[in-house]
Novice: 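Please find one structure pasted underneath; my questions will follow.
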Amino acid sequence: MNKIMTHFVVGFPTMEKSFAAVEAAIEGGASFIELQFPFSDPTADGVLIQDACAVALEQGFRVADGFDFVEKIREKYIVPVFVMSYAGLVFAYGVENFVKKAKSSGVSGLIVPDFPFDYDAGLYQACRESGVHAVAVVLPSIEESRLEQILSLDQRYIYVAIRAGITGQESQVSGEITAFLQKIRRRGKFVLAGFGISSPQQVAALATSCDACVVGSAIVKRLTESPDSLEELKSFVKNLSVAG
Amino acid sequence: MQDYNNFFGEFGGRYVAEVLRQPLDELEAAYLDITKDKSFRKEFEHYLKVYVGRPTPLLFAENLSKTLGGGNLFIKMEGLAHTGAHKINNALGQILLAKRMGKKRIIAETGAGQHGVATAAVCAKFGIPCRVYMGEVDMKRQRPNVFRMETFGAEVVAVKSGSRTLKDAVNEALRDWASSFDETYYLLGSALGPSPYPDMVRFFQSIIGREVKSQAREQKVRIDKMVACVGGGSNAIGFFSPFLEKKKPHLIGVEAGGRGKLLGEHAARMNNLGRDSVVQGYRSLFLLDDDGQVATTHSISAGLDYPGIGPQLAFCGETGRIEFVTASDVQALEAIKIFARNEGVFMALESAHAAAYALKILPTMKKGENLVVNMSGSGDKDIFITAKELDREKWIEFLKKEAADE
């Protein structure tokens, strides 16, 4: 079985429907849940996730709702939950408070792409103190010396964006990518591979080189086009987890 | 020359996703190179003279000084720079840098369109293809500039996300750059965004302040106060730049007071209206809602209609070196009329905010004291807004007739 991390925008298409979608994914075999707390300026996201965030915000999403959402999942399921958001939302909440609240809500790790380890406003330190994983995002094109710095951080998870650009454009899985994933994995890191992954073929090509594949825009796309087809979502996740 | 700054106090920094780290590191290295390179400076100064038309005059506003009483008023005529605003200084500096870096494509964001026009012009001059991201709302209110950019051969892309203004245009340019940076240079127009942009944009815009300093010396004028409008703040930081490390003159930044004091009715970030946060790659003061989301802003001038302020200006506000005040939409329109009638100077809506405040304080100054206001841009681009506000009936009649003739 492949480990799949499914990505949702909290509050999209509605609060209730996003919760139902998370449940469908868990029933379909998702090993990790990544929840995006919508931010007004999602600079790393493509149109699909931008629009989903805008919809959630229009309906009044608040950070407090996001943490309630995590708690609700964790009351029912043992699946690890990772929260992804942008620096602005975390900073305005207060970095330390955000991390503490994440911990008490049952969040396993935080993915804040625009808080890299050396411009993190104290995120990594706060995570260490609270026992929350701070997940660094790297790319195969990263400079060797910088990669070394990131690998030497005392953090277990590494998120590999398998290509440059923003979310939602299809990625090609090359030998170069799988070699990069394996290299990081050999350093004892738990490797999450994401960006542009939507098909069982891609998952099959990546599965032996990483610890989990992240599927994001493909899920948001399904929820955009047919927000009530939860059975289909469930079998979509199932197909990904058995691919190969 | 000031040393390169990554942070200004706690503001600034390079808060970007890993994908943008490499292009910014590369840009920083190239920028630091040219600051030490005499041949670059020579080339830059050459084009500032022959293409931009520098120096721009420092004009004594004799009539207003006489009429209002109090101090003497001077206008730094940046609006006379080629393409009609100070934006060309930075666009020129960065296109020369992009050329040195061997980049094959330029992207830019624009609000009022002045930075877009300046970028499109230098791209045409130096033969590099150019794409400008512009919010849909701004495209509508600054239509003449869209036409100018397209005439220069730029591709203008309408941004339809978020508030569809400058902030969203920046987001879209960042998204483009995240996959195109190998060949593409992001020519950012204001002194904000991740480092090295705030520092670099000030470096190119500091020509404004340096000229003011030497022109004042030539005219034997001791400057007591300087006033500039502040959106992101590139004209202000360039205008103030040579004076920041000194105690004098009194520096005043004028933000957009819009049409009210409530969140969403203005674009004033200083004086406890903005909150400390990290947005679009830099830490500064931003207009946020109570949950940390970036708020919508309002200003009659597209160029000031932005929720963040350049990090160095935010820092100078904190230290007290720069005083920040506001001028409203109505006051800006009034100032346009007054400067046009009395001095034959047609201010851009942005600059008119600074002009409005200058009019307010001039009578309170002592005789013999001197105030310089920066006319960052000319008002030609705004006629579709100003004509509608200042001479509504005649203008609407003209537009109807134009449409009917077609």
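These numbers come from the heavy atoms of this one structure, side chains and all, not from hydrogens, waters or symmetry mates. Numbers restart at 1 for each chain; the letters A, B, ... are given by sequence-line order, proteins then strands.
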Novice: How about residues 34-42 of chain A versus chain B: which residues have heavy atoms under 4.5 Å apart?
Specialist: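 So the qualifying residues are A:P38, A:F39, A:S40, A:D41, A:P42.
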
Novice: Any residues in residues 185-196 of chain A near chain B, with a heavy-atom distance under 4.5 Å, and which are they?
Specialist: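 No residue falls under the 4.5 Å cut-off.
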
Novice: Which one of A:V138, A:D45, A:V112, A:D120 has the most heavy-atom pairs closer than 4.5 Å to chain B?
Specialist: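 Top count of heavy-atom pairs under 4.5 Å with chain B: A:D45.
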
Novice: With no hydrogens and no angle check, do the side chains of B:D138 and B:T165 hold a donor and an acceptor under 3.5 Å apart?
Specialist: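 Side chains of B:D138 and B:T165: no pair found under 3.5 Å.
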
Novice: Checking B:R175 against chain A: side chain, backbone, both or neither under 4.5 Å from a heavy atom?
Specialist: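 Contact with chain A involves both backbone and side-chain atoms of B:R175.
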
Novice: Under 6.0 Å between ring centres: does that hold for A:Y119 and B:Y282?
Specialist: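 No.
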
Novice: Please tell me whether A:Y157 and A:F82 form a close aromatic pair, meaning their ring centres lie under 6.0 Å apart.
Specialist: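 Between A:Y157 and A:F82, the centre distance is under 6.0 Å.
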
Novice: Of the backbone (N, CA, C, O) and the side chain (C-beta and beyond), which part of A:A87 lies under 4.5 Å from a heavy atom of chain B, both, or neither?
Specialist: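 For A:A87, the contact with chain B is made by backbone and side chain together.
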
Novice: Please state whether the side chain, the backbone, both or neither of B:E172 comes within less than 4.5 Å of a heavy atom of chain A.
Specialist: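 Just its side chain gets close to chain A.
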
Novice: Quick one: what part of A:R146 sits under 4.5 Å from any heavy atom of chain B, side chain, backbone, both or neither?
Specialist: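 It is the side chain, since no backbone atom gets that close.
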
Novice: Sort out for me which of B:D289, B:V19, B:V278, B:D25 touches chain A most, counting heavy-atom pairs under 4.5 Å.
Specialist: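 Ranked by heavy-atom pairs under 4.5 Å with chain A, first place is B:V278.
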
Novice: Side chain from CB out, backbone as N, CA, C, O: work out which of these in B:F286 comes under 4.5 Å of a heavy atom of chain A, or both, or neither.
Specialist: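 For B:F286, no heavy atom lies under 4.5 Å from chain A.
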
Novice: Verify whether the ring centers belonging to B:F315 and B:F8 lie closer than 6.0 Å.
Specialist: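 B:F315 vs B:F8: aromatic centres not under 6.0 Å.
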
Novice: Is there a donor in the side chain of B:E255 and an acceptor in the side chain of B:T326, or the other way round, less than 3.5 Å apart?
Specialist: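 Absent: no donor and acceptor within the cut-off.
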
Novice: Look up atom CD in B:E265 and atom OG1 in B:T296, then write down how far apart they are to the nearest 0.5 Å.
Specialist: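 That separation rounds to 10.0 Å.
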
Novice: Between B:Q280 and B:Y306, is any side-chain donor less than 3.5 angstrom from a side-chain acceptor?
Specialist: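 Present: a donor and an acceptor within the cut-off.
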
Novice: Looking at A:E176, I'd like to know if its CD atom is crowded, meaning that more than 12 non-hydrogen atoms belonging to other residues, nucleotides or ligands lie closer than 6.0 Å.
Specialist: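 No, the 6.0 Å shell around CD holds no more than 12 heavy atoms from other groups.
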
Novice: Please classify the contact between B:N6 and chain A as side chain, backbone, both or neither, with a heavy-atom cut-off of under 4.5 Å.
Specialist: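 Just its side chain gets close to chain A.
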
Novice: Counting N and O atoms only, with roles assigned by atom type, does the side chain of A:R163 sit under 3.5 Å from a partner on the main chain of A:I166, one being a donor and the other an acceptor?
Specialist: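 Yes, the answer is positive, given that a donor and an acceptor are paired below the 3.5 Å cut-off.
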
Novice: In terms of heavy-atom proximity below 4.5 Å to chain A, should B:Q22 be classed as side chain, backbone, both, or neither?
Specialist: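 Side chain of B:Q22 only, per the 4.5 Å heavy-atom cut-off to chain A.
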
Novice: Side chains of A:Q202 and A:S199: is there a donor and an acceptor less than 3.5 Å apart?
Specialist: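 Present: a donor and an acceptor within the cut-off.
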
Novice: What I want to check is whether the side chains of B:N171 and A:T43 have a donor and an acceptor closer together than 3.5 Å.
Specialist: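 B:N171 vs A:T43: no donor-acceptor pair found between side chains.
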
Novice: Let me confirm one number: the CD-OG distance from B:E18 to A:S141, rounded to the nearest 0.5 Å.
Specialist: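 Here the rounded value is 8.5 Å.
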
Novice: Counting the benzene-type ring for Trp, do B:Y4 and B:F203 have ring centres under 6.0 Å apart?
Specialist: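 No: the rings miss the under 6.0 Å criterion.
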
Novice: Name the member of B:V170, B:D168, B:V16, B:L288 that forms the most heavy-atom pairs with chain A at distances under 4.5 Å.
Specialist: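 Of B:V170, B:D168, B:V16, B:L288, B:V16 has the most heavy-atom pairs under 4.5 Å with chain A.
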
Novice: Nearest 0.5 Å, please: how far is OG1 in A:T6 from CD1 in A:I219?
Specialist: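 Separation between the atoms: 4.5 Å.
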
Novice: By a 4.5 Å heavy-atom criterion (distance strictly below it), what part of B:D290 contacts chain A: side chain, backbone, both, or neither?
Specialist: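 For B:D290, the contact with chain A is made by backbone and side chain together.
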
Novice: Does A:D154 have more than 12 heavy atoms from other residues, nucleotides or ligands lying within 6.0 Å of its CG?
Specialist: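 Yes.
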
